[in-house]
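The structure appears below as structure tokens.
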Amino acid sequence: MFIINCPYCGEREQSEFKAGGEAHIVRPKQPTELSDDQWAEYLFMRKNIKGVQFERWVHVHGCRKWFNVVRDTSNDMIKAVYKMGEKPPSI
Amino acid sequence: MKNNYSLFSLLKNAFSYHENWEKAWKDPEPKKEYDAVIVGGGGHGLATSYYLAKKHNMKNIAVVEKGWIGGGNTGRNTTIIRSNYLWDASAGLYDHALKIWEGLSQELNYNVMFSQRGVMNLAHNLQDVRDLKRRTHANRLNGIDAVYLNTEQVKKFCPIINTSPDIRYPVLGGTLQRRAGTARHDAVAWGYARAADEMGVDIIQNCEVKGIKRNGDSVEGIETTKGFIKTKKIGVVTAGHSSVIANMAGLKLPLESKPLQALVSEPVKPIIDTVVMSNAVHAYVSQSDKGELVIGAGTDDYVSYSQKGSHDIIEGTLNAILELYPIFSRMKMLRQWGGIVDICPDASPIISKTSIKGLYFNCGWGTGGFKATPGSGDLFAHTIANDEPHKLNAAFNINRFVSGDLVDEHGAAAVAH
Amino acid sequence: MTKNLRVKTSKLIDETYKISFKFNGKTYYGYKGDTLASALLANDVHLVGRSFKYHRPRGIMTAGSEEPNAIVQLHNNTSRTEPNVRATEIEIYEGLIASSQNCWPSVNFDIGGINNFLSPLLPAGFYYKTFMWPSSFWKKYEYFIRKSAGLGKSPTKPDPDIYEHKYMHCDVLVIGAGISGIMAAKAAAKNGFKTLLLEEKSYLGGSTIYQNSEHFKINNQISSSWLEKEINEIKKIKNLEIKIRTSVAAFHGYNFLLARENLTDHLPLDQRKNKTRQKLLKIRAKKVITATGSLERPLIFDNNDRPGILLSSAINKYANLFGVACGEKIILFTNNDSAYETAINLNQKGVKVAAIIDNREEVDSKLIKDTEKNNMKVYKGYTIVDTSGYRRINSISIMQLSKDGQKVIGTKKTIVCDCLGISGGWTPAVHLFTQSGGKLKFRDEDQVFIPNIYPSDQISIGACNGDFTLNEILSTINNKLKEFLNIKETDYKNLDVQSSYNKSKRNIWLLPSDKAIGKTKSFVDYQNDATAKDIKLALREGFRSIEHVKRYTTTGMGTDQGKLGNMHALGIISETSDSKMGELGTTTFRPPYTPLTFGTIVGRNVGEYFDIFRKTPIHDWHIKNKAEFENVGQWKRAWFYPKDGENMYDAVQRESKAARDSAGILDASTLGKIDIQGTDASEFLNRVYTNAWSKLAVGKCRYGLMLNEDGMVYDDGVTTRLDENHYIMTTTTGGAATVLGKLEDYLQTEWPELDVYLTSVTDHYATVSVCGPNSKKIVSQVIPDLDFSDENFPHMSFKNAKIGKIKCRVMRISFTGEHSYEINIQANYGKSVWEKCMEAGKEFNITPYGTETMHLLRAEKGFIIVGQDTDATMTPIDLQMDWIVSKKKYDFIGKRSLYRSDTIKEDRKQLVGLLTENPDEVLEEGAQIVADIKKSPVEMLGHVTSSYYSPNLKKSIALGVVRGGKNMLGQKLIIPMENKQINVTVADPVFLDKENKRLNA
């Protein structure tokens, strides 16, 4: 089980967090103008990367803040964390 | 013709101290070109190659496997086989598979130990009861054997379950599919491999796909660690790694790959003679022929290819096991492991053509793909050979995520385990 | 069998403390400090079990947790019974009862032993090749296979013991308290690190603690004496915590480890009451030092499995630590110097060593010279080719090895013995290291895998790192610890070490025999009866990968998980297939290191603590009034309140009627409540609900439907505008937590620009709902200061009020279709308000009703229950709730999905009412609905979602979803049950008071 460095609370056990999938998938501002294909791309299609992935986590049993994590999904090692809205680190 | 396996051949070989058995499958180097290449040497991939050769007369084909055959989810799952699914499309798919299971040992001349010991699904609250009754009615009308059991009948069928009404998740009832059961996972991969090899299929292990070569909208072949292999048809059956291969072809799939864990206890004499599943508390238990309790846990909620999951998941599962089977408290966990399962948003698989000509995907089986192995192989072979789906897998196309016509098994409470 | 094989001056045994125990029904005696194995050996009992497949007699093989053979059932047929306990690990206590497993009628005469004679028919994987005909017979074959498989017996009674979890945090965790671990722990602790030292055994010091020989000295003291002083020193260090009988089970990523601390298994049963049996330690360590030592390898030759054959190191340990001679005429067989250490120790203790067989031809070390000086015969360049003795070894046959070690030459010689010690060199215990994700490398010179790449802040030291000799350990440890702990100095600079051990070794994985391999039984995996020829058969049949061979032959799949045999399996594969060991790789070592009790993993999360119920503030009242309860999500909710002898049906009929005729009262406290504040609160609701919220006036309530982004109904509830920028949202009971989570997600990640604050207040309020034509009269008595006139307080509005001095919120909303009020008050006043309502309602026969009546009443009115009338495939349009989907709003969660090619189809499943032809016939919820029963296959149009007998309408009513149902009003359909068909008519889902007269009455 990981230790996640919550940007608001510091290092905590993984069991305090919940994962929220791939990060930086922005909800379309004008969904009604998208084709079915484009909407499906937003709703369902995922990179599902093996390797360094940018993803969302929430400190659900803590401050309840969402933030971003950079993690290597091939070995689960976390490379960085950063707040929502912050620029992703270059990794 | 290979050695036929039988009691007689065992006897015969006993006299020569078993030194004359032939290879169950060869270990060829890849040819330059095949009519079709199946990527992934798990049960589904090997079955696909077998049915391509057997039913569609495609014999110049290969299965390429990154590691050793049957080493992925085939060799890591808890081997539950059932077909009591809610939706017509799922019921059709899984019962097609179940019917093949029923004669598979004989067909492959390999004992896959398909054991029809019945699978019970438990209801723990009133909505569970409604959902399971709904499923039982649907099963009956779809010609699938399924009965609803009340608490006493559950207890009678599996006396070690704690059916006290005062526990946190009391057993309010359950369903039973008697034709359902388990099989020996390794034997399924090995049996299909041996039978496919017999028909001329090249099974190439330690051969990792590194790239998919395209010419415009069609595939031309695959780059592998054993060189380039030319082919016009590529069937990808790589489970947890489906997205990795899709990315090579520039495709995105509606999948997330997550850790799924399982464990076995030390072997003991027979104590539970059926398979009991409880979706509400995530506890699935059966006992292998060797005597180990085989226990399936749930998935973690994050993407991972590490083949490891959180201890919390194991703990949660055993909490539930001891709730339902307090007598197992002094039993010991012998071995625990993880696999990578690729999960679709609707918890149903994809057996489908793609937007790239000659590229086919069979993926998204989530936590319950083993049971479908023969059916999945048969239908995927049909899809590859004819470049169009069989009517039984038509609903499992990729396009359903665009149209919204999902086959929502988990939404309908019948969690697809 | 009454021999006493005790030798004096042992380390662990207290001969003044005698203990009696039973094994297979016979009483024996041992001493405090004995394991079951050492006590049995002292009584000259070697035969303790039968093997898994061939039921061959087996004895004690090792002195530790790697034991494959000596596994027993404790306290059979009692609630404390435990299968598969290693006799080498369990410490004896007064009253211990153990028995052999997997044999019938007894371990001495076991019917299953016939399998040994059938063994030519039972090669590896035989079951894949047969039992296929006739096809229906597998079930019958399987019955017998299952009966003969398995080892011990599962308990059949609940466990009387308790288990606990403990979280531990430390700077440095040291695993294993052998000489390396002791030194590491001392260095770490003395340098100020918070240190935790864990030891699997009941004593500290590993194998050095009984190394009493002039051949091994540290700073001119005998090694064991030197170590003893170190141990005494570390026991005094404050920031060092030492735990014995504590076995590390798993080493996960991020230095998260699990260990099992055994607290009572060594105590007599009567001393275990109310004590925690085992603790699961959940450890987070900043740094981990693994010092788990090594395991001695057996040697693989024909019939190497007889009772009386032990590891040479085990014989040494039994003699020195437990004061037990494993035989009176012992032979040792070795490929390295370790066996000579055993020989010298046995000789010192007066135990006869009949011979030493050494497969090396040229050997020369002080140890060997000393052995020969003491008149022990050494056969150099020889190997054992066979052994004899059915229940106990009685002789061995040896032959000379060829120069290349590939075959045997010369004549066979037989030597009599009653015990054989074998030593194939040492395997580093790298299990935990690899579990943590570490990568190994292969060291060719002595054929061992050793740690190479560390995945976390950890180090392996001592024998588990391949440093087997005292010299190697002590000459490197100082620098290793300095570097790893980043400290200036340890106490272990310039230690003076003397060791007579020579590292030379002749590694032959499978020793040659004068027989064809097919005629031999050279065991690689003892417990599972996997032999060298099985491995060769697997390779012959094309199984190449070590994982394939393991699975095909079951090597390494026993309760010892291949601790003894896996390396030999690899070696034999390597030799047979001519591939390099380093390239073959190892099998994966999966956790746990040793089997871990389920109860320990679960800890206190059993029974009432498993998943704790939530109860409303009014719960006690429901109990007192004999409510039956329904579990909804985490909550216990009152289901119905049976009155003297009523069954559920009668109770619900009575409650439902009373609610409509006069007054009913419901505890609605479990509904989720989310407080929403901020200047953008209205905009936020616009985005999360399908309908519009901006124009809702302060003081008004509105029903809202929430969708998932895929357009499917997700949750519903009434939200009230308390103030301009303040709402309170209610959710379903089961959905509260996930709805809050989802709202927070959108707010923080998609719409951070919105000024909105969300707070869960579910637990803060109790909700008492009073409904029925007399509800106003009742509630107005409870809250006399409030103006209940329809003008002031119309349906779908809210008022702040007070009951006494206590503030409350009153909503006039209804889920039953009756005139109805919900009083929300600070939770701890909930019961009192409930009782006030009951009191005020007495004259109106106010009737408490539970969830079942609530469901019935709302069904009469055609209100849906999300999760019962919907699954995750229903859109609001499917529910015929088009009215709630705003056409004007630009966007809301799920809106786009309502216009996909499938969701706009006209013939989707849609919610309808169903009326049975026979008004007394109540449909089964979950039953399927068809139009044409004769069609094959039958086309299922939908199913019954809710169904009741309505006492108010005096007929059966049901809701269901039907394909194209929207346009089927009045049409006849069929419900096909198992033994009959029920005719129904599609109806409007609103069965009662379509005009909402009762609501506004």
Side-chain angles (χ1 to χ4, degrees), chain A residues 1-5 7-8 11-45 54-68 71-78 82-86, chain C residues 165 167 169 250-258 282-286 436-439 453 455-457 687 707-712 737-738 740-753 757-760 887-904:
Chain A
M1 293 201 296
F2 325 152
I3 288 184
I4 299 175
N5 189 9
Y8 303 93
E11 291 190 346
R12 295 289 191 280
E13 283 273 346
Q14 181 195 331
S15 49
E16 294 185 13
F17 300 85
K18 202 171 143 33
E22 192 178 323
H24 305 299
I25 300 175
V26 180
R27 188 172 186 274
K29 289 274 176 269
Q30 300 175 319
T32 43
E33 281 159 36
L34 301 184
S35 67
D36 277 5
D37 276 304
Q38 288 167 320
W39 182 243
E41 175 80 16
Y42 162 71
L43 265 190
F44 297 127
M45 302 304 164
F54 293 72
E55 59 190 18
R56 305 170 342 123
W57 285 75
V58 59
H59 195 181
V60 66
H61 301 296
C63 63
R64 292 192 73 89
K65 287 280 197 189
W66 282 89
F67 57 94
N68 296 305
R71 184 174 55 96
D72 187 337
T73 62
S74 65
N75 60 16
D76 293 334
M77 294 319 287
I78 292 172
Y82 56 102
K83 293 178 183 174
M84 283 293 156
E86 283 180 357
Chain C
H165 291 167
Y167 290 85
H169 299 265
F251 189 165
H252 294 298
Y254 292 77
N255 281 356
F256 176 65
L257 298 96
L258 299 171
K282 298 181 171 183
I283 307 165
R284 284 280 183 190
K286 293 201 179 111
S436 78
K439 297 274 177 288
I453 300 167
S456 63
D457 198 356
R687 296 186 191 186
L707 309 185
N708 257 329
E709 206 65 276
D710 67 359
M712 304 304 157
T738 51
L740 177 69
K742 184 176 149 118
L743 299 186
E744 286 178 330
D745 184 354
Y746 275 90
L747 194 53
Q748 291 179 34
T749 65
E750 299 294 349
W751 309 319
E753 72 280 4
Y757 302 88
L758 305 171
T759 312
S760 165
K887 304 278 181 301
K888 288 187 202 141
K889 278 201 297 183
Y890 184 72
D891 190 17
F892 55 81
I893 295 172
K895 174 166 178 156
R896 175 61 187 84
S897 288
L898 297 178
Y899 304 97
R900 291 179 294 172
S901 61
D902 188 66
T903 39
I904 55 171

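No hydrogens, no waters, no symmetry mates; every other heavy atom, side chains included, goes into these values. Nothing here was measured: the structure is a model prediction, and the numbers come from that model. Here is the naming used below: chain letters follow the sequence lines, and residue numbers restart at 1 for every chain.
- Of the atoms belonging to C:Ser897, heavy atoms from both backbone and side chain fall under 4.5 Å from chain A.
- For a residue to count as touching a neighbouring chain, one of its non-hydrogen atoms must lie under 4.5 Å from one of that chain's; by this rule A:Lys65 touches chain C with backbone and side chain alike.
- A pairwise comparison of heavy atoms in A:Asp36 and C:Tyr899 identifies OD1-O, 3.9 Å as the closest pair.
- Of the atoms belonging to A:Ile25, it is backbone heavy atoms, and not side-chain ones, that fall under 4.5 Å from chain C.
- Annotation for C:Lys887: atom NZ counts as buried by contact number, over 12 foreign heavy atoms lying within 6.0 Å.
- Atom NZ of C:Lys742 has more than 12 neighbouring heavy atoms from other residues, nucleotides or ligands inside a 6.0 Å radius.
- Taking the side chain as every heavy atom from C-beta outward, A:Lys29 and C:Tyr890 never approach each other to under 4.5 Å.
- Scanning all heavy atoms of the two residues, the minimum distance from C:His252 to A:Met1 falls at CB-N, 4.3 Å.
- Most heavy-atom pairs under 4.5 Å with chain C, from the set A:Lys18, A:Gln14, A:Met77: that is A:Met77.
- For the atom pair A:Glu13 CD and C:Tyr167 OH, the distance stands at 7.0 Å (nearest 0.5 Å).
- For C:Asn255, no part lies under 4.5 angstrom from a heavy atom of chain A.
- Note on A:Ala23, A:Ala40, A:Ser35: by heavy-atom pairs under 4.5 Å with chain C, the leading option is A:Ser35.
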As a quick check of understanding, evaluate side-chain contact (heavy atoms from CB on, under 4.5 Å) for A:Tyr42 and C:Glu709, giving each step before the final call. CA-CA 10 Å; A:Tyr42 162 71; C:Glu709 206 65 276; 3.8 Å; yes
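- To the nearest 0.5 angstrom, C:Arg900 atom CZ is 6.0 Å from A:Leu43 atom CG.
- Residue A:Phe44 touches chain C through its side chain alone, counting heavy-atom pairs closer than 4.5 Å.
- Taken to the nearest 0.5 Å, the CG atom of C:Leu758 stands 9.5 Å off from the CZ atom of A:Arg64.
- Using a 4.5 Å cut-off between heavy atoms, A:Glu11 makes no contact with chain C at all.
- From A:Asn68, atom CG reaches atom OG1 of C:Thr749 across 9.5 Å, with rounding to the nearest 0.5 Å.
- Look at C:Asp891 and A:Arg27 and you find a salt bridge, because one of the NZ, NE, NH1 or NH2 atoms lies within 4.0 Å of a carboxylate O, short of that distance.
- When heavy atoms are compared at a cutoff of 4.5 Å, C:Phe256 approaches chain A solely by way of its side chain, counted from C-beta outward.
- Judged purely by atom type and a 3.5 angstrom limit, C:Arg896 has no side-chain atom pairing as donor or acceptor with the backbone of A:Trp39.
- Residues C:Pro455 and A:Asn75 fail the side-chain proximity criterion, which asks for heavy atoms closer than 4.5 Å.
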